[in-house]
Amino acid sequence: MNSWLKKGVGVGLFLLIWEGIALSGLVSNRYFPTVTQIVLAAREMLQSGELLQAEGHTLMRALVGLLLAVALGVSFALLAAFYPLLERMWAPLVEIMRSVPPAALVPLGIFALGLTPKLFIGIVVFAAIIMVYMPALNALTNTEPVQINLARTLGYSRLETLFVVRLPAAWPEIFTGIRVAAGSALIAAIVSEMLAGKDGLGFLLFDTAFSLRTSAMFAVLLTAALNGILLNQLVVWARRPIAGWQDTLNRLGDAL
């Protein structure tokens with residue numbers, strides 16, 4: 001049984017259990033609709049364009065924020081790896097950023113940026129950048145000494161060693177951080193829309209919940225979950241041409 005079939009069976013069992021609970025009457029159907037009702041609500045929202053419009057806003061904010069977080073996170077990690085003093089200077093700020101919930105920045109962001117795309121993208125960048133920076137810095141500063149010594153023997157400068165040896169070796173761990181950051185980016189986009197948005201999946205989730213459109217609310221939740229799968233798959237596809245060599249080495253090691 002291949003992995004996709006196993007996943008399909010798992011999802012199918014989950015939906016069957018959901019349908020069974022909804023039909024059993026153990027929970028009020030008003031608050032726990034059947035799978036069929038959720039699918040019908042999703043179809044109605046797709047036909048009206050309501051769901052597609054919200055999906056477009058949220059996905060754009062999450063993707064743009066994630067790309068900016070990756071660019072900034074890897075850049076800062078490269079600087080910190082090349083200049084250890086910077087890493088020590090930034091350490092307290094990194095710890096503060098790790099402990100501040102992205103949603104806590106929404107009120108300040110409204111005053112600073114207004115209810116504009118900059119607000120939502122800024123919150124996403126804040127939520128995701130540390131998830132990229134920390135694995136990247138760890139990977140760059142823990143390169144195998146044999147690789148570093150070989151580069152020195154070949155006459156590479158510190159800067160050349162950073163980009164030719166340390167960065168390529170760090171990409172597998174960096175992409176692990178990016179996968180985590182992708183989930184954080186989507187969560188931050190939806191939460192910020194719930195708190196301050198006039199569109200997007202977060203706003204639509206609040207709107208359907210407080211208007212007691214329960215089936216529609218679950219349809220929005222399903223869409224958000226599918227977005228998580230989509231973002232994760234996009235990261236996996238981007239990883240293959242850059243860090244796919246690690247998978248090849250792992251397969252060779254398993255074959256020996």
Side-chain angles (χ1 to χ4, degrees), residues 61-113 117-152 156-192 195-196 228 231-232 234-236 238-239 242-243 245-246:
R61 290 160 182 164
L63 278 173
V64 172
L66 177 62
L67 290 174
L68 287 173
V70 170
L72 292 172
V74 174
S75 298
F76 287 143
L78 286 168
L79 284 171
F82 194 73
Y83 299 107
L85 177 61
L86 288 178
E87 188 273 330
R88 293 191 292 272
M89 290 172 60
W90 291 340
L93 179 60
V94 170
E95 291 302 317
I96 291 172
M97 292 177 68
R98 288 179 61 191
S99 61
V100 175
L105 294 181
V106 172
L108 177 63
I110 292 174
F111 290 117
L113 302 172
K118 294 179 182 178
L119 167 67
F120 304 105
I121 293 173
I123 298 298
V124 171
V125 171
F126 179 85
I129 190 170
I130 296 300
M131 306 294 181
V132 178
Y133 170 78
M134 294 188 68
L137 179 60
N138 181 69
L140 288 167
T141 55
N142 289 285
T143 308
E144 286 290 336
V146 174
Q147 296 174 317
I148 302 296
N149 292 332
L150 179 60
R152 289 173 180 170
Y156 285 14
S157 67
R158 285 185 63 225
L159 187 61
E160 289 173 329
T161 301
L162 179 64
F163 283 96
V164 177
V165 177
R166 295 166 70 180
L167 181 58
W171 276 121
E173 187 171 344
I174 292 174
F175 269 99
T176 300
I178 293 174
R179 290 183 71 175
V180 177
S184 297
L186 180 61
I187 293 170
I190 292 175
V191 169
S192 60
L195 295 175
L231 285 177
N232 181 73
L234 288 175
V235 175
V236 170
R239 180 186 182 278
I242 299 174
W245 55 266
Q246 186 187 47

**OP:** Would you check, one step at a time, whether the test side chain to side chain contact (heavy atoms under 4.5 Å, CB included) holds for Ile121 with Leu68?
**Re:** CA-CA 9 Å; Ile121 293 173; Leu68 287 173; 3.9 Å; yes
Roughly how far, to the nearest 0.5 Å, is [atom2] of [Y] from [atom1] of [X]?
X      : Y      : atom1 : atom2 : result
Ile178 : Trp171 : CD1   : CH2   : 6.0 Å
Ile242 : Leu167 : CD1   : CG    : 9.5 Å
Arg61  : Leu119 : CZ    : CG    : 8.5 Å
Leu86  : Leu137 : CG    : CG    : 11.0 Å
Tyr133 : Ile174 : OH    : CD1   : 12.5 Å
Leu93  : Glu95  : CG    : CD    : 10.0 Å

If we ignore hydrogens and angles and just use 3.5 Å, is the side chain of [X] paired with the main-chain N or O of [Y] as donor and acceptor?
X      : Y      : answer
Asn138 : Met134 : no
Arg166 : Leu140 : yes
Asn149 : Pro145 : yes
Arg158 : Phe82  : yes

Atom of [X], atom of [Y] and distance for their closest heavy-atom approach:
X      : Y      : value
Gly65  : Val124 : CA-CG1, 3.6 Å
Pro135 : Glu173 : O-OE2, 3.5 Å
Trp90  : Leu79  : CH2-CB, 4.1 Å
Ile130 : Val94  : CD1-CG1, 4.1 Å
Ala62  : Leu231 : CB-CD1, 4.3 Å
Gly228 : Leu186 : N-CD2, 3.3 Å

Original post:
Should Leu63 and Leu234 be marked as a side chain to side chain contact (heavy atoms under 4.5 Å, CB included) after you check the CA-CA gap, both sets of side-chain angles, and the distance that decides it?
Top reply: CA-CA 10 Å; Leu63 278 173; Leu234 288 175; 4.0 Å; yes
Original post:
Under the side chain to side chain contact (heavy atoms under 4.5 Å, CB included) criterion, do Phe163 and Leu78 qualify, and how do the steps go?
Top reply: CA-CA 9 Å; Phe163 283 96; Leu78 286 168; 3.9 Å; yes
**OP:** Check step by step if side chain to side chain contact (heavy atoms under 4.5 Å, CB included) holds for Val236 and Arg179.
**Re:** CA-CA 8 Å; Val236 170; Arg179 290 183 71 175; 4.1 Å; yes
Original post:
Is atom CD of Glu144 surrounded by more than 12 heavy atoms (other residues, nucleotides or ligands) closer than 6.0 Å?
Top reply: no
